[in-house]
Amino acid sequence: MAESARRTRGGGGAARRAARSAVSFETARYIERNIPNFEVLTEEALEIIEHNADTVLEEIGVNFPDNPEALALWRDAGADVQGDRVRIPRGLARKLCSTAPSTITQVARNRERDVVIGGKSLVLAPVYGPPFVRDAAGGRRYATMADFEKFVKLGYMSKWLHHSGGTVCEPTDIPVNKRHLDMLHAHMTLSDKPFMGSVTEPSRAQDSVDMCGVLFGKDFVQENTVMTSLININSPMTFDDVMMGSLKVYAENNQACIISPFIVGGAMAPVSVAGTLTQVLAETLAGIAYSQLVRPGAPVIMGAFVTSIDMNSGAPTFGTPEAAHITYGAGQLARRLKLPYRSAGSFNGSKLPDAQAAYESSNSLNMGLLSGVNFMLHACGWLEGGLVSSFEKFVMDADQLGTLHHLARGVEMDENAQAMDAIREVGPGGHYLGCVHTQNNFRDAFWKSDLLDYKPFETWSDEGARDTQTLATARVEKMLADYQQPALDPAIREALDAFVAERKAAEPDSFT
């Protein structure tokens, strides 16, 4: 199937007709920062945390349970392996991490939408993983494949979103052992932005690689990074064999992995910022080092998913100062390792897309921009501590991501930006509305929301006094009504359909 798809890719009437009929929606290029990163840790503090992380690896160690192959790799590399516990000599993990690339280019099937992850870039991707969805009409419910496809379409049409993401919601109406095939198929056919692969079982990671072989060509996949996938560490300091098995598949096939602790401070890490940063660094060093044992040079991203906890209820809390300090500090540590950095998102604990959701998400999004994050998962759609993907919240967040683009531009200082001609023209007591400089620049001078209401009270009232959620519901409906599927070579589409059908037929359904 893949061979047939590749033969057609070079040209042919069907491919040319598909290209001519393609409908392209405007998508902003990934962010390139022209502003400095915000740094909270002194050089002394960074050195202390790095020293303590090496001590954790050397004296306490990390666990690689049920994974004899990983234990053998560590033993051969010089680690002390006792049972499942791996103690890593001081400096070894850092040395192994040095072979990981400092930047990653993830290729999209529409090459105009390739993204660079690392350096001064920031790539924005949608919410990942919730089993529930919410909208104004249907309320909170278990997600379906139809919901998943709607989110992929919204992501494709969102101007400020660079990436299609992965499990934008968990389609619970599809068997667990087969839903990854439908999700990948949706990303590949309903969008032409970059996407993520499956990590819930190593064979599903291999399916992801094989499907990319159909879409891009097998040789192309081995020579280029076409997927970024999320590998979570079971904090504290445990590397699950399923996740590590998926990591191994991706590393062997030159595909990028985000290696990320999942930490709720006070539950899976110390309550202090310095203690949590020490654990985050120890865990990511061990995980990234393992990827390089599998394949030196394998593309990886240092991740840090960190939130605090409400010490009364035990519920995770978001948008807090402590989480910000950890996110800023982890960014500094990632830059010292010369690794791309993943963190932040539209995090909030609210049950509805309300003021709490907006405040907490705004704190988290701005924190991500200023901390030097290179890949921001959960940039739009997150609700209820990550249990819910919200349609209204998705478009609200996706609209606000435009502010990150404009903030990242920094302050221009060319002759036009200095505006001395305007100041001379207007003089004391005048106004700038009609001056030449304003007329020449007003179209692009200020960022403008495509969603929020700026009308006078009377007009707003006459139009139904709609709040932001109501406006977002209307925007979701309009975007889905306007959606047009991006062109894909019919032979490739046929090969993808056949691959999915064949793999589904190969095993019985399982919902566990």
Side-chain angles (χ1 to χ4, degrees), residues 62-74 84 86 97 100 104 106 117 125 128-129 163-168 170-171 174-185 187-188 194-215 218 221-222 224-235 237-262 283-284 286-303 305 340 342 375 377 499-500 503 506-507 510 512:
V62 296
N63 279 359
F64 278 77
D66 304 314
N67 197 339
E69 186 175 358
L71 297 174
L73 284 173
W74 277 116
D84 291 336
V86 177
C97 290
I104 302 164
Q106 184 181 348
I117 305 168
Y128 183 105
H163 204 281
S164 194
T167 309
V168 286
E170 189 78 33
I174 307 294
V176 170
N177 61 330
K178 299 178 182 180
R179 64 181 60 156
H180 67 288
L181 299 164
D182 291 310
M183 290 191 284
L184 278 162
H185 188 272
H187 282 301
M188 290 177 173
F195 54 85
M196 302 175 74
S198 176
V199 296
T200 53
E201 212 278 330
S203 68
R204 298 168 198 165
Q206 187 61 54
D207 283 340
S208 304
V209 173
D210 293 342
M211 287 183 72
C212 284
V214 175
L215 183 64
K218 288 184 179 180
V221 169
Q222 294 304 313
N224 298 271
T225 297
V226 300
M227 278 185 292
T228 300
S229 300
L230 177 61
I231 303 295
N232 279 320
I233 299 165
N234 284 355
S235 301
M237 297 173 288
T238 300
F239 293 78
D240 174 79
D241 64 307
V242 173
M243 282 284 171
M244 291 303 102
S246 296
L247 169 62
K248 180 175 181 291
V249 170
Y250 287 124
E252 288 176 338
N253 288 279
N254 194 37
Q255 302 308 304
C257 286
I258 304 163
I259 300 178
S260 185
F262 187 98
E283 290 179 351
T284 53
I288 293 167
Y290 176 65
S291 76
Q292 302 306 295
L293 287 176
V294 172
R295 175 173 169 166
V300 287
I301 300 166
M302 174 177 162
F305 178 94
R342 170 260 166 155
F375 189 89
L377 198 54
F499 181 94
V500 171
R503 286 290 295 116
E507 55 185 281
S510 172
T512 59

message: If I compare all heavy atoms of S164 with all of H187, which pair ends up nearest, and what's the gap?
response: OG-ND1, 2.7 Å

- prompt: Given side chains that start at C-beta, do those of V176 and T512 come closer than 4.5 Å, heavy atoms only?
  reply: no

query: Which pair of heavy atoms, one from Q222 and one from E252, lies closest together, and at what distance?
result: OE1-O, 4.1 Å

message: Just verifying a value: how many Å separate L247 CG and L230 CG, rounded to the nearest 0.5 Å?
response: 11.0 Å

Non-neighbouring partners of D240 that pass salt bridge (charged side-chain N to carboxylate O under 4.0 Å, His left out), sequence neighbours left out: none

- request: Give the ring-plane orientation class for F262 versus F305, where under 30° counts as parallel, over 60° as perpendicular and anything between as tilted.
  value: parallel

- request: Report the distance from atom OG of S246 to atom CZ of R204, rounding to the nearest 0.5 Å.
  value: 9.0 Å

field: Nearest heavy atoms of G213 and V221, plus distance in Å
entry: N-CG2, 3.8 Å

- request: Measure from the side-chain N and O atoms of S208 to the backbone N and O of G197, and report whether any donor-acceptor pair falls under 3.5 Å.
  value: no

field: Any V86 side-chain heavy atom under 4.5 Å of L71 side chain
entry: yes

message: Which residues pass the side chain to side chain contact (heavy atoms under 4.5 Å, CB included) test with P65, not counting sequence neighbours?
response: N63, D84, T238

message: Show the nearest heavy-atom pair for residues H163 and P194, with the distance to one decimal.
response: ND1-O, 3.4 Å

task: Locate the shortest heavy-atom distance separating M211 from H185; write the atom from each residue and the value.
output: CE-N, 3.9 Å

message: Less than 4.5 Å apart, side chain to side chain, heavy atoms only: is that true for L184 and M196?
response: no

statement: Residue pairs passing the side-chain hydrogen bond (donor to acceptor under 3.5 Å, both in side chains) test with at least one member in residues 64-74, sequence neighbours excluded, are E69-K248

field: Straight-line distance of Q255 CD to I104 CD1, nearest 0.5 Å
entry: 10.5 Å

query: Quick check: does any side chain N or O of E283 sit under 3.5 Å from a backbone N or O of P261, one acting as donor and the other as acceptor?
result: no

message: Between S198 and R179, does the side-chain contact (heavy atoms from CB on, under 4.5 Å) criterion hold? Intermediate values first, please.
response: CA-CA 10 Å; S198 176; R179 64 181 60 156; over 6 Å; no

field: Of all pairs that satisfy side-chain hydrogen bond (donor to acceptor under 3.5 Å, both in side chains), the ones with a partner from residues 224-234, not counting sequence neighbours
entry: Q106-T228

message: Please report the interatomic distance CG(D182) to CD1(I174), rounded to the nearest 0.5 Å.
response: 5.0 Å

- prompt: Once you round to the nearest 0.5 Å, how far does CZ of F64 lie from CE of M237?
  reply: 12.5 Å

message: For Y250 versus C257, what's the shortest heavy-atom pair and its separation?
response: CB-SG, 3.5 Å

message: The criterion is side chain to side chain contact (heavy atoms under 4.5 Å, CB included); which residues satisfy it with D207, sequence neighbours excluded?
response: H180, L181, F499, R503

task: Let me see the working for Q206 and N253 under side-chain contact (heavy atoms from CB on, under 4.5 Å), right down to the final yes or no.
output: CA-CA 9 Å; Q206 187 61 54; N253 288 279; 4.1 Å; yes

Partner residues of Q292 under the side chain to side chain contact (heavy atoms under 4.5 Å, CB included) criterion, sequence neighbours left out: T99, A100, A298, V300

- line: Rounded to the nearest 0.5 Å, the CG atom of L377 sits from the CD1 atom of I301 at a distance of 10.0 Å

- request: Evaluate the side-chain proximity of L215 to F195: yes if any heavy-atom separation is below 4.5 Å, no if none is.
  value: yes

- request: Would you check, one step at a time, whether the test side chain to side chain donor-acceptor pair (under 3.5 Å) holds for R342 with S260?
  value: CA-CA 8 Å; R342 170 260 166 155; S260 185; 3.1 Å; yes

